[in-house]
Amino acid sequence: MTRIRCDRTRAWAALRELYDARGRTLDLRQAFAADSGRFAALSLEAPHVFADLSKNLIDAEICDQLTALAAECGVEEHRHAMFRGELVNSTEHRAAMHFLLRHPGGAAAGALAPYVQGQLVEVHAVLDAMLAYAQQVREDRSITDVVNIGIGGSDLGPQMAVLAMDVLVDHGKRFHFVSSVDGHELSAVLRQVRPESTLFLVSSKSFTTQETMTNAHSAKAWFTAQGGTDIARHFCALTSNVEAARQFGVDTTFGFWDWVGGRYSMWSAIGLPIAIAVGSEHFRSMLAGAHAMDEHFRTAPLASNMPVQLALLDVWYRNFHGFATRSLAPYHSGLFRLPGYLRQLEMESNGKRVDEQGQVLGYPTAPVIWGELAANGQHAYFQMLHQGSDVIPIEFLTVKRVAHDLPGHHHKLLANGLAQAQALMLGQQDDGGHRHMPGNRPSTFLLLEELTPASLGALIALYEHRVFTAGSLWGINSFDQWGVELGKVLAKNIEPRLSSGDSTGLDASTAGLLRRLRS
Ligand code: F6P
């Protein structure tokens with residue numbers, strides 16, 4: 001597979017020239033005035049998602065050159081390598097085949113590479129078993145509470161999706177998500193539940209994560225102390241380490257494979273809370289929506305490929321304009337947890353400073369991803385977006401049709417989203433200074449017809465492939481996360497010292513804090 005790092009291409013040099021000549025000073029107001037077809041030319045359609053890119057600091061020539069960059073970097077070849085099941089996660093010697101978790105099989109499976117096809121058989125076997133189990137739990141009215149114990153990818157995806165599909169959730173059951181080792185979290189949930197009516201899902205790819213295992217052991221101890229019986233009925237493990245789950249004492253397990261990264265795992269057994277919440281039909285529609293986006297990413301030409309074009313925009317802003325963050329602005333309360341989910345997806349995947357060969361990169365990679373429900377953000381931090389000293393590209397996420405019938409609300413919500421994007425672009429002249437808004441602040445507008453399982457699936461897959469493409473352009477491995485390991489090791493070293501007080505070998509600051517915590 002030929003991957004060429006973005007900074008070693010001809011397109012990169014051409015983009016540098018274009019940026020200096022026009023990109024740096026491109027004015028959106030003038031660009032719209034000069035070209036009545038700008039909106040149509042810079043809009044993209046993909047399954048379930050419409051994207052308006054016209055309020056970004058680009059024009060036709062910049063787009064062409066960015067697309068040339070993707071071609072020269074070998075993005076298409078890299079993409080095919082992922083879909084062929086090659087070891088694209090090179091530092092862990094693993095494939096990254098989360099797309100397979102949503103593949104429908106049937107005739108379309110014939111196009112898959114033989115190894116990938118073989119894995120699909122297992123994927124469907126686990127999916128069918130997991131959905132049958134979800135159905136059984138849904139029908140069991142004596143189970144009123146489902147507690148998911150997991151962290152990172154074993155928490156954020158299910159939590160985000162259950163909230164996003166709230167209108168479809170089985171309201172005979174409450175769903176709780178416990179992630180932190182901070183005991184306040186688990187004890188707050190345990191105060192609300194009873195052992196005989198609770199199902200605990202211990203969700204961990206590795207089944208070794210300290211936070212999850214501590215919470216799982218505490219939940220099991222609480223269950224027994226409260227007179228709970230029948231662990232097999234009240235505990236279920238979602239893991240690729242089935243043996244460790246058995247040793248923990250759980251017999252009901254749903255497995256998955258090392259080629260499913262934690263932050264790409266909501267489509268696997270890790271999605272069980274989603275399946276219990278909304279049922280197998282909706283879970284399958286979520287998979288179908290994601291698969292439709294997979295097919296778009298796999299087959300659409302680079303120039304009209306939505307994940308590719310969004311990733312190119314990320315590179316344009318990060319590496320040429322130097323914008324260090326990107327804000328997400330969802331205009332739908334169901335997307336409450338989406339920024340948190342995408343923070344892990346983008347920053348754990350592409351927050352890297354070396355290329356695939358371990359060479360230090362001479363350019364920055366993933367921006368900081370941040371934001372919250374925009375209706376609230378407008379009354380909090382949007383001030384900085386309009387008048388702060390940094391330019392922060394913002395991504396509006398809106399939904400055309402809603403699932404409530406309260407009159408007037410939705411138009412007000414949509415009007416606010418449109419107005420914010422407009423205000424950021426247009427700005428406002430004021431000689432006095434304080435009311436002056438420079439404008440020309442870029443934004444992308446993503447629009448779903450409706451927030452359904454299928455459109456949610458497509459939206460998440462869109463982001464997954466965008467992250468893959470950006471990582472591909474930057475020449476990094478988007479599928480490992482070595483940076484999180486050192487802190488885990490050091491925490492293991494520090495934990496016993498909190499009891500013993502031994503500060504031998506610690507730096508003066510850590511030793512001082514340890515003394516203070518023990519005094
Ligand atoms: O510490 C980071 C991480 O490994 C994430 O990548 C992962 O999603 C999370 O921890 C949880 O891991 P596990 O599912 O193995 O408990």
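Everything quoted here is computed from the prediction, not taken from an experiment. One-based numbering, in listed order, for ligands and for the atoms of each. When reading the values below, keep in mind they use all heavy atoms of this one structure, side chains included, and skip hydrogens, waters and symmetry mates.
With W267 as the aromatic partner, R102 meets the cation-pi criteria of under 6.0 angstrom to the ring centre and within 45 degrees of the ring axis.
By the 30° and 60° cut-offs, the orientation of the rings of F323 relative to Y317 is tilted. Ring pair H217/F248 is perpendicular by interplanar angle, where above 60° counts as perpendicular and below 30° as parallel.
Closer than 4.0 angstrom to ligand 1 sit non-hydrogen atoms from I151, G152, G153, S154, S204, K205, S206, T209, G262, Q344, E348, Q481, V484, K488.
Between S472 and V75, the shortest heavy-atom contact is OG-CG2, 3.8 Å.
With no hydrogens or angles considered, a side-chain donor-acceptor pair links T510 and D507 at under 3.5 Å. The closest side-chain donor-acceptor pair between N350 and S478 falls under 3.5 angstrom.
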